[in-house]
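These notes concern the structure reproduced below.
Just so it is clear, the structure is predicted and the values come from calculations on it, not from any experiment.
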Amino acid sequence: MNITDHLTQAIAAALNELYSISADAASITLQETRREFSGDYTLVVFPYVKQARKAPEAVAQDIGAHVAANMPEVSGFNVVKGFLNFEVADSYWLRFIETIASDGRFGLSEQSADEAPVVVEYSSPNTNKPLHLGHIRNNLLGWSVSRLLEAAGANVKKVNLVNDRGIHICKSMLAWLRYGNGETPESTGMKGDHLVGKYYVEFDKHYKEEVKQLMDSGVEEEQAKREAPLMVEAQQMLKRWEEGDKEVRGLWEKMNGWVYAGFDETYRRLGVGFDKVYYESNTYLLGKELVQKGLDLGVLFRKDDGSVWCDLTADGLDQKLLLRRDGTSVYMTQDLGTALLRHNDFGAERLIYVVGNEQDYHFKVLKLILGKLGFSWADKVYHLSYGMVELPNGKMKSREGTVVDADDLIDEMESTAEEMSREHGKNDELTDEERKHLYHILALGALKYFILKVDPTKNMLFNPAESIDFNGNTGPFIQYTHARIRSIVRRAGENEGLNGQCEWDGIQMNEKERLVIKTLHALPSTIRQAAAAYSPALVANYAYDLAKAFNSFYQDTPILKEADQKIKAMRVNICMCVANALRNTMDILGIEVPERM
């Protein structure tokens, strides 16, 4: 139990004894005292004034005196109108540091393998193009949310659903047949996902030319888009695929194999992975079975043209297509099948889909249809809706070839990390292999932190140059702080102050020390709060606040040059605790922190 838990219990007891006010400790909210006032934690007493029948200042004075008399961890209090500020004794903070100094997992909860898992789906790429900046935010967010839930004690299964079939896949296949001249990743030296993406762009270019020709001949635009020969042939190819045509299936397997190899390489560079990978080609048939079940139950209906729909107008939405008139499936069809398969595979406590906010409607519909089909677990579906990533020069469009490729971005980040590291002289003592590894983790630290520090629900502007700065709210700043601390600890000796009972009684801490320790104290509650909100941003910004507090302490307070050995030991222990906390929080973000720079 931490100091805030003790305080809320003591306040609840004071309210009961002083005013016969029955208050549950869980209902009492403490805030950190604002910097301009003296104290550590603040209670707003206005909610209790009416029942106490006293002025706010008098109520605050009564509660403060009662808590201070009964709780030795409180060294004093002060009242500012209706605000009661408690001061925590240095002895408590010192005991806290002593307790966590040797706990490398401080702030992290143990996972229970016996509990029903939380299933987190992320990445979900299409096999018609390489991963791009938008996919990077998705992958980093999915991986980090998974790590965050694990840090809060959940049993998490990370899954990927590869969208490996559909009209968009057929577009790349058809364009390769028409214009590829037998190119392969081996013959071109291109990653397979890049090669296939090249032909997705080729399809769009030739398709637009055909649409223009039809419109020039007097055909209306919408009709031209439907009747353009390339589009008609792509739709025929999709139908042949669903009918099991050997030639189409063979080409599909070959080109998807190129893409999978490319994806795996990008995932490795990003440092993300999955416990299980699902493929739309294996789930859409189960989805079709569910559509038939919906027809049998009368919750779905078939139109005259043969297409199948769900009428959601009574739910405030519209009618949703589930099967096209030619019998081919849509995204919703396979998502129904995948949800059922995933529930059956894991018996999941929650099904979390990390998907951009442009799909908000899709997931509302998915939950509604699952419920109408009679699945009681439909309410366990949760859409972690995140905002889009934009660049200083605007939005990206895959079919027009204007995306920022994930591999190219990582290459650029590594090159910038090397350049800036050399400028700052942060790698002079490292071997060539150590330098290469350092550039990689700095680049990925910059990229991941810049993206994850933003509230997932918000759109964001990614600026590579800003992300890799060694100063400010960036990943490299926190990584460098960790390396600095590890250097201090190495020079002091790993076990400084940890042999036997620490004799720190009577040490008077300065404000910089106290701020660092108070920030450390907030780590467990920060992780719980972030996990409840599915927000790695809270952890990222906590890590920055801790690094900033430590650097302020480091600049103003002697550590290894401190003459008093007890104070020196205490300060080295603070360093060790901060290093552990930075490592644990950055690990939640998927960021490696270096031992030296």
Step by step, work out the salt bridge (Lys or Arg N to Asp or Glu O under 4.0 Å) result for Arg583 and Asp587.
CA-CA 6 Å; Arg583 184 182 65 250; Asp587 183 61; over 6 Å; no
Does [X] have its ring centroid less than 6.0 Å away from the ring centroid of [Y]?
X: Phe274; Y: Tyr122; result: yes
X: Phe462; Y: Phe450; result: yes
X: Tyr382; Y: Tyr534; result: yes
X: Trp241; Y: Tyr284; result: yes
X: His343; Y: Phe375; result: no

Any side-chain donor-acceptor pair under 3.5 Å between [X] and [Y]?
X: Asn357; Y: His383; value: no
X: Glu592; Y: His437; value: yes
X: His206; Y: Glu210; value: no
X: Asn163; Y: His168; value: no
X: Arg324; Y: Thr328; value: yes
X: Asn160; Y: Tyr267; value: yes
X: Ser329; Y: Arg165; value: yes

Are any non-hydrogen side-chain atoms of [X] and [Y] less than 4.5 angstrom apart?
X: Gln479; Y: Pro476; value: yes
X: Val355; Y: Ser124; value: no
X: Phe106; Y: Asn580; value: no
X: Leu323; Y: Thr333; value: yes

Interatomic spacing from OG1 in Thr474 to OH in Tyr449 - rounded to 0.5 Å:
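Here the rounded value is 7.5 Å.
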Please answer whether the main-chain N or O of [Y] pairs with a side-chain N or O of [X] as donor and acceptor at a distance below 3.5 Å.
X: Ser525; Y: Ala522; result: yes
X: Asn155; Y: Glu115; result: yes
X: Trp252; Y: Asp164; result: yes

Nearest non-hydrogen partners of [X] and [Y], listed with the distance:
X: Ala224; Y: Leu214; value: O-CD1, 3.6 Å
X: Ser144; Y: Pro536; value: OG-CB, 3.2 Å
X: Leu589; Y: Lys448; value: O-CD, 3.9 Å
X: Ala228; Y: Val211; value: CB-CG2, 4.1 Å

Which residue, Lys367, Lys364, Lys372, forms the salt bridge (Lys or Arg N to Asp or Glu O under 4.0 Å) with Asp315?
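With Asp315 as partner, Lys367, Lys364, Lys372 yield a single salt bridge (Lys or Arg N to Asp or Glu O under 4.0 Å), made by Lys372.
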Do Glu121 and Lys157 meet the salt-bridge criterion of a basic N to acidic O distance under 4.0 Å?
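Looking at Lys157 and Glu121, the cut-off is not met.
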Other residues, nucleotides and ligands only: do more than 12 of their heavy atoms fall within 6.0 Å of [atom1] on [X]?
X: Arg325; atom1: CZ; answer: no
X: Asn344; atom1: CG; answer: yes
X: Glu247; atom1: CD; answer: no

Would Lys320 count as a cation-pi partner of Trp309, with NZ or CZ less than 6.0 Å from the six-membered ring centre and within 45° of the ring normal?
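Judged by the rule, Lys320 and Trp309 form no cation-pi pair.
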Does the ring pair (Phe, Tyr, Trp, His ring centres under 6.0 Å) test come out yes or no for Tyr179 and Tyr199, once each step is laid out?
CA-CA 8 Å; Tyr179 318 114; Tyr199 287 100; 7.6 Å; no
Take the angle between the ring planes of Tyr278 and Phe346 and call it parallel below 30°, perpendicular above 60°, tilted in between.
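Perpendicular, since the angle between the ring planes exceeds 60°.
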